[in-house]
Amino acid sequence: MTRPLRLELDRSARTPLAEQIHGGIRAAIESGVLAPGARLPSWQDLAAQLGVARGTVRSAYEKLSSAQLIVASRASGTHVADRPSLPVRQDKAPDPGSFMEMYQELTAGPAIFQMGVPAQETFPATLLARIRAQAVRVEMSAPAIYPDPRGEPDLRREIAAYLALARGIECAPSQIVVTAGFSGGLGLALRVLGLEQKTAWVEDPGFPFTRHGLALARLSLAPIPVDADGIDVAYGLQHAPDAALAVVTPGQQAPLGSTLSLERRSRLLDWAAQRGAWVIEDDYLSELQLKGRATPALASLDRAGRVIHVGSFSKTVTPALRLGFVVAPAALASRFAEAAACLAPAPGPAVQRAMADFMRDGHYLRHLRRTKRAYAAQADALVKYLRPRTANVAIAGLAAVLRLPDGAPDLPIARDAASFGLAPTALSLWYGSQASARPGLLLGVATSPLKRIEASCERLLQIIDRFK
């Protein structure tokens, strides 16, 4: 190298000069400004150029040498080290039509009408941030030991108390395993049950991520129709009586919103007990029902120990926490604990302790009450605006289901709406096959703020009209 190396030093910065020199040379090497083999000034010469102590440059050079970015010898001086050129890697977009493309479309946001996420306006961000900051401080000052893989005892006790009060489930904290959301709970349950090559009942329509997860676990899927009374158990008994598993959303069927009737609950539990089958209850909305009181959980009726209850805080608080839980039947509690310890331990203690404090101090129940009131008002506003313009709309859980005529291209409509900041979900994606699919749009109630509902609905209806 024949000309002086240009380095800008900020002597008023908190970063030590040696670190600034090291960072500047490293950036020049990694960006290609200094090519392999380029000669560097000796540390004595560079110190003189920069007006710093020789030891300062020597420290920077030693760090660069340790990182194998430069080499120094008495005979040839200091040079940039040779190293293989690394291709620039760019994230590859998911393949068109793949599951990951659908996943990214359904989880992109934030946007109006987006499904599956709570309202930002009702989220107690300041309160939860303060509680979580305190939990982080406790975690950092605690001894460096492995936490309980089933989850923090305080959180498991709070969940057990909440379930007894709100969902009618009597369980011990030892039956509860804290997971990374519903998907973590589903994965843990499938590992424990070991049902590869067996058949599973799935609701049709039903949550597409669950359906794909079961397929990844090598289960054969038997789509079971859903009506106003929930999953059609009689249809399942007729067409797939030998199934080993049923995955259901009995509280508020996703996406149609119906509650599984008591008669069908009884038949489903009888089938599971007689066949030795298992039922995974996806209680994704817990007691967050907008009209009336939520029906007790299916697990509250289970006397044979065949129901695995999976809950989540993603819809009631925020999906960013990635917190869920499994209530294992007493006979399987030790197997769930073993699987958690070896394959899927609970998320970090700090976020769990924060949620435990949030629940113990009564904030969670108060948050749910406020959220229900806000969502009920937004749901009423949605229906009030849409029904005079299209009769085929109804509230289902935390979504407004807007039915479209047969053959309507609901997926292109949903994608076109995205360019206007709207994120309706195509109903057809929730069906197990094209033959059974019905077109429609799911409009998330939680992400439909009152002040934006009229303009957003008007824009959506204009988009729908363009596809007629």
Scan the side chains in residues 385-400 for donor-acceptor partners under 3.5 Å anywhere in the protein, sequence neighbours excluded, and list what turns up.
residue, atom, partner, partner atom, Å
Tyr385, OH, Glu458, OE1, 2.5
Arg387, NH2, Val393, O, 2.8
Arg389, NH1, Tyr385, O, 2.7

Throw together a table of side-chain donor-acceptor distances under 3.5 angstrom for residues 321-328, partners on residues two or more places apart or in other chains.
residue, atom, partner, partner atom, Å
Arg322, NH2, Ala180, O, 3.4
Arg322, NH2, Ser183, OG, 3.1

Side-chain polar contacts of residues 212-222 - donor-acceptor pairs under 3.5 angstrom, sequence neighbours left out - could you list them?
none

Practice item. Run the numbers on Asp380 and Lys291 for salt bridge (Lys or Arg N to Asp or Glu O under 4.0 Å), then give the verdict. Key: CA-CA 11 Å; Asp380 290 343; Lys291 303 294 184 183; 3.5 Å; yes

Exercise for review: Test Arg264 against Ile231 for side chain to side chain contact (heavy atoms under 4.5 Å, CB included), laying out the working first.
Suggested key: CA-CA 8 Å; Arg264 289 189 181 179; Ile231 189 170; 5.8 Å; no

**Study point:** Chi angles and distances behind the side chain to side chain contact (heavy atoms under 4.5 Å, CB included) call for Ile464, Leu441
**Key:** CA-CA 10 Å; Ile464 294 173; Leu441 296 173; 3.8 Å; yes

Exercise for review: Let me see the working for Leu301 and Leu262 under side chain to side chain contact (heavy atoms under 4.5 Å, CB included), right down to the final yes or no.
Suggested key: CA-CA 10 Å; Leu301 302 176; Leu262 181 59; 4.1 Å; yes

**Study point:** Criterion side-chain hydrogen bond (donor to acceptor under 3.5 Å, both in side chains) on Tyr162 and Ser286, from CA distance to verdict
**Key:** CA-CA 10 Å; Tyr162 168 77; Ser286 187; 2.6 Å; yes

**Study point:** Candidate pair Phe182 and Tyr284, rule ring-ring contact (aromatic ring centres under 6.0 Å, His included), full reasoning
**Key:** CA-CA 8 Å; Phe182 168 75; Tyr284 69 105; 8.7 Å; no

Check your understanding: Given Val233 and Ile224, is the side chain to side chain contact (heavy atoms under 4.5 Å, CB included) satisfied, shown in steps?
Key -> CA-CA 8 Å; Val233 179; Ile224 310 299; over 6 Å; no

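Taking every heavy atom of both residues into account, Ala408 and Pro439 meet most closely at O-CB, 3.4 Å. Closest heavy-atom contact between Ala135 and Ala354: CB-N, 3.9 Å. Heavy-atom minimum distance, Gly206 versus Arg211: O-NH1, 3.3 Å. When every heavy atom of Ile169 is checked against every heavy atom of Ala297, the shortest pair comes out as CD1-CB, 3.7 Å. Of all heavy-atom pairs between Asp357 and Arg360, the closest is OD1-NH2, 2.7 Å. Taking each heavy atom of Ala108 and Gln114 in turn, the nearest pair found is O-NE2, 2.8 Å.
For the pair Cys171 and Leu163, the minimum side-chain heavy-atom distance is below 4.5 Å. Contact annotation: the side chain of Pro424 never approaches that of Leu442 to less than 4.5 Å [non-hydrogen atoms, C-beta and beyond]. Within the 4.5 Å cutoff, side-chain heavy atoms of Leu422 are placed close to those of Ser456. A heavy-atom distance below 4.5 Å is found between the side chains of Trp271 and Trp201. Using a 4.5 Å cut-off on side-chain heavy atoms (C-beta onward), Val247 and Glu203 make no contact. Within the 4.5 Å cutoff, the side chain of Leu269 has no heavy atoms near those of the Gln274 side chain. Side-chain contact between Leu285 and Thr249 is absent, with no heavy atoms from C-beta onward closer than 4.5 Å. Side-chain contact between Pro205 and Pro255 is present, with at least one heavy-atom pair separated by less than 4.5 Å.
Between the Asp232 side chain and the Val226 main chain, no donor and acceptor come within less than 3.5 Å of each other. The main-chain N or O of Gly97 is found under 3.5 Å from a side-chain atom of Glu101 such that the two form a donor-acceptor pair. Panel note: side chain Arg150, backbone Pro173; no donor-acceptor pair is recorded below 3.5 Å. Thr259 places no side-chain N or O within donor-acceptor distance of the main-chain N or O of Gln252, the cut-off being under 3.5 Å. Of the possible polar contacts, none joining the Gln378 side chain to the Ile453 backbone as a donor-acceptor pair under 3.5 Å is found. Proximity of a side-chain donor or acceptor of Arg306 to a complementary backbone N or O of Arg303 within less than 3.5 Å is not detected. Under a 3.5 Å cut-off, the side chain of Ser141 and the backbone N or O of Arg137 do form a donor-acceptor pair. Panel note: side chain Asp148, backbone Glu152; no donor-acceptor pair is recorded below 3.5 Å. Without hydrogens or angle criteria, Tyr103 side chain to Phe209 main chain gives no donor-acceptor distance under 3.5 Å. Checked by atom type and distance alone, the side chain of Arg265 pairs as donor or acceptor with a backbone atom of Leu260 at under 3.5 Å.
To the nearest 0.5 angstrom, Trp430 atom CH2 is 13.0 Å from Asp410 atom CG. In this structure, CG on Leu288 lies 13.0 Å from CZ on Arg369, to the nearest 0.5 angstrom. Of the inter-residue distances, the one linking Met355 atom CE with Leu128 atom CG reads 6.0 Å to the nearest 0.5 angstrom. For the atom pair Leu427 CG and Arg403 CZ, the distance stands at 5.5 Å (nearest 0.5 Å). How far CH2 of Trp278 is from CG of Leu245: 10.5 Å, rounded to the nearest 0.5 Å. Once rounded to the nearest 0.5 Å, the distance linking CG of Leu460 with CG of Leu443 reads 6.0 Å.
With respect to Leu298, the side chain to side chain contact (heavy atoms under 4.5 Å, CB included) criterion is satisfied by exactly one of Asp283, Asp282, Val248: Val248.
Annotation for Lys198: atom NZ does not count as buried by contact number, only 12 or fewer foreign heavy atoms lying within 6.0 Å. The number of heavy-atom neighbours closer than 6.0 Å to CZ of Arg293, taken from other residues, nucleotides and ligands shown, is 12 or below. Around atom CD of Gln462, more than 12 heavy atoms belonging to other residues, nucleotides or ligands sit under 6.0 Å away.
Within the structure, side chain to side chain donor-acceptor pair (under 3.5 Å) pairs that include any residue of residues 431-443 comprise Asp204-Ser436, Ser433-Ser436 (at least two apart or interchain). The side chain to side chain donor-acceptor pair (under 3.5 Å) pairs that include a residue from residues 120-132 number zero, where partners must be two or more places apart or lie in different chains.
Residues satisfying the ring pair (Phe, Tyr, Trp, His ring centres under 6.0 Å) test with His22, not counting sequence neighbours, are none.
Taking the charged nitrogens against the carboxylate oxygens, Glu105 and Arg415 do have a contact shorter than 4.0 Å, which makes a salt bridge. For Asp154 and Arg353, the salt-bridge test fails: no basic side-chain N is under 4.0 Å from an acidic carboxylate O.
Aromatic ring orientation, His239 versus Tyr235: parallel (interplanar angle below 30°, classes split at 30° and 60°).
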